[in-house]
Undergrad: 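Pasting a structure here, questions to come.
Note that ligands are numbered from 1 as they come in the structure, with each ligand's atoms numbered from 1 the same way.
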Amino acid sequence: MRVDDKDMGEDLQSVLITKEEIDTKLAELAAKIDAEYAGKDLLLVGVLKGAVMVMADLARALSTPVTMDWMAVSSYGAGTQSSGVVRILKDLDTDIKGKHVLIVEDIIDSGLTLSWLLSNLGSREPASLEVCTLLRKPDAAKVAIDVKWIGFDIPNEFVVGYGLDYAEKYRNMPFVGTLAPHVYGG
Ligand SMILES: Nc1nc2c(ncn2[C@@H]2O[C@H](COP(=O)(O)O)[C@@H](O)[C@H]2O)c(=O)[nH]1
Ligand SMILES: [Mg+2]
């Protein structure tokens with residue numbers, strides 16, 4: 001797909017990770033996750049809204065039968081900095097006690113959201129609790145988190161696409177990229 005197919009071309013600065021690279025990485029991660037959960041019931045917990053694309057594509061790449069549930073939490077306003085204050089906007093529909101739970105995330109930036117989520121879901125006594133994230137920014141970490149499956153480590157830049165937004169736009173770009181300064185008013 002050309003970047004201007006969705007009239008977003010002039011807003012983009014660069015493409016960091018192509019759709020093909022994402023597809024290849026998700027297939028690799030899915031093979032590892034399949035091996036880990038062979039013979040077990042696995043519940044995927046997607047974190048709305050950013051993880052919608054990775055959840056959908058990872059679930060389809062898995063051979064393991066899974067159930068899926070969603071949580072919505074908020075630590076960002078309309079801007080690009082984590083507030084550090086996490087609020088539940090939508091809780092799980094599932095009781096996860098005794099279940100094997102895999103949190104599916106789009107990106108780990110400061111790690112504050114995921115750290116809070118791990119503690120919140122951990123207190124519900126799942127049989128196991130692990131994390132798979134498509135992206136991680138190692139240089140932005142404010143807390144150390146044990147993340148079992150990581151797609152790509154990326155530089156400490158604000159990225160959009162493949163589920164990730166800026167002010168709710170750009171989520172439907174099939175790749176991950178950075179925005180031109182004029183988008184932020186620069
Ligand atoms: N569109 C983007 N959203 C981002 C980016 N970095 C983080 N985020 C959003 O925040 C949470 C996690 O943030 P954290 O600081 O608590 O780790 C993540 O799930 C996204 O929704 C980004 O570069 N672009
Ligand atoms: Mg997220």
Side-chain angles (χ1 to χ4, degrees), residues 3 6 8 11-19 21-22 25-26 29 33 43-59 68-92 101-122 129-186:
V3 290
K6 294 186 190 294
M8 294 169 183
D11 290 354
L12 273 179
Q13 183 160 71
S14 65
V15 175
L16 241 55
I17 306 171
T18 65
K19 180 183 185 312
E21 289 169 327
I22 293 172
K25 184 62 73 176
L26 288 182
L29 290 173
I33 293 167
L43 171 67
L44 301 181
V45 170
V47 186
L48 294 169
K49 302 174 190 169
V52 164
M53 304 300 183
V54 59
M55 180 86 158
D57 287 343
L58 178 68
M68 296 161 81
D69 202 347
W70 300 90
M71 244 180 124
V73 296
S74 167
S75 61
Y76 276 48
T80 63
Q81 292 291 310
S82 177
S83 68
V85 179
V86 180
R87 288 184 302 136
I88 295 182
L89 305 178
K90 184 217 167 286
D91 208 340
L92 296 176
V101 175
L102 178 61
I103 298 173
V104 178
E105 263 288 23
D106 48 356
I107 189 165
I108 303 171
D109 188 310
S110 67
L112 293 171
T113 308
L114 185 58
S115 170
W116 181 91
L117 201 55
L118 281 167
S119 149
N120 183 288
L121 295 187
L129 181 60
E130 299 290 353
V131 180
C132 176
T133 185
L134 181 69
L135 306 171
R136 180 180 66 167
K137 298 180 193 171
D139 296 340
K142 291 191 178 154
V143 281
I145 304 179
D146 190 17
V147 178
K148 192 149 191 170
W149 292 288
I150 298 163
F152 302 92
D153 278 334
I154 61 168
N156 189 7
E157 294 179 78
F158 192 81
V159 294
V160 295
Y162 200 70
L164 288 152
D165 75 309
Y166 173 66
E168 293 300 330
K169 287 179 69 181
Y170 312 106
R171 290 192 197 276
N172 63 328
M173 296 194 313
F175 47 81
V176 174
T178 57
L179 290 172
H182 75 81
V183 178
Y184 304 109

Undergrad: Rounded to the nearest 0.5 Å, what separation is found between the OG1 atom of T178 and the CG atom of L12?
TA: 7.0 Å
Undergrad: For the pair V131 and L117, evaluate side-chain contact (heavy atoms from CB on, under 4.5 Å) and give the outcome as yes or no after the intermediate values.
TA: CA-CA 10 Å; V131 180; L117 201 55; over 6 Å; no
Undergrad: Give the atoms of ligand 1, by number and element, whose distance to some non-hydrogen atom of E157 is under 4.0 Å.
TA: 23 (O)
Undergrad: Below the 3.5 angstrom mark, is there an N/O of Y166, backbone or side chain, next to an N/O of ligand 1?
TA: no
Undergrad: To the nearest 0.5 Å, how far apart are CE in M55 and CG in L26?
TA: 12.5 Å
Undergrad: Below 3.5 Å, N or O to N or O, backbone or side chain included: is there any such pair between F158 and ligand 1?
TA: no
Undergrad: Please list all pairs passing the salt bridge (charged side-chain N to carboxylate O under 4.0 Å, His left out) test where one or both residues lie in residues 152-164, with sequence neighbours left out.
TA: R136-D153
Undergrad: What about G111: any of its N or O atoms under 3.5 Å from an N or O on ligand 1?
TA: yes
Undergrad: Between the side chains of D57 and Y162, is a donor N or O closer than 3.5 angstrom to an acceptor N or O?
TA: yes
Undergrad: Examine the proximity of ligand 1 to E105 and report which part, side chain or backbone, both or neither, has a heavy atom under 4.0 Å away.
TA: side chain
Undergrad: What protein N/O/S atoms lie closer than 2.8 Å to the Mg ion (ligand 2)?
TA: E105 OE1, D106 OD1
Undergrad: For atom 4 (C) of ligand 1, which candidate among V47, I107, I154 holds the nearest heavy atom?
TA: I107
Undergrad: Do you know which of V176, D11, L164 makes side chain to side chain contact (heavy atoms under 4.5 Å, CB included) with Y170?
TA: D11
Undergrad: Using a 4.0 Å cut-off to any heavy atom of D165, which atoms of ligand 1 qualify?
TA: 1 (N), 2 (C)
Undergrad: Please name all residues satisfying side chain to side chain contact (heavy atoms under 4.5 Å, CB included) with V52, sequence neighbours left out, ordered by chain then number.
TA: L48, W70
Undergrad: May I ask whether K142 places a heavy atom under 4.0 Å from ligand 1?
TA: no
Undergrad: With the threshold set at under 4.0 angstrom, would you say S110 reaches ligand 1 through any of its heavy atoms?
TA: yes
Undergrad: Have a look at ligand 1 and work out which part of D106, if any, has a heavy atom under 4.0 Å from it: side chain, backbone, both or neither.
TA: side chain
Undergrad: Rounded to the nearest 0.5 Å, what separates atom CE in M173 from atom NZ in K19?
TA: 14.0 Å
Undergrad: Nearest heavy atom to atom 3 (N) of ligand 1 wins, so pick from L164, V176, L179.
TA: L164
Undergrad: Side chains of L134 and M53: does their closest heavy-atom pair fall under 4.5 Å?
TA: no
Undergrad: Looking at ligand 1, is there an atom of it that comes within less than 4.0 Å of some heavy atom belonging to K137?
TA: yes
Undergrad: How long is the gap from CG on L114 to CG on D109, to the nearest 0.5 Å?
TA: 11.5 Å
Undergrad: What residues, two or more places apart in sequence or in another chain, satisfy side chain to side chain donor-acceptor pair (under 3.5 Å) together with K90?
TA: none
Undergrad: With a sphere of 6.0 Å drawn around CG of D146, does it hold more than 12 non-hydrogen atoms of other residues, nucleotides or ligands?
TA: no
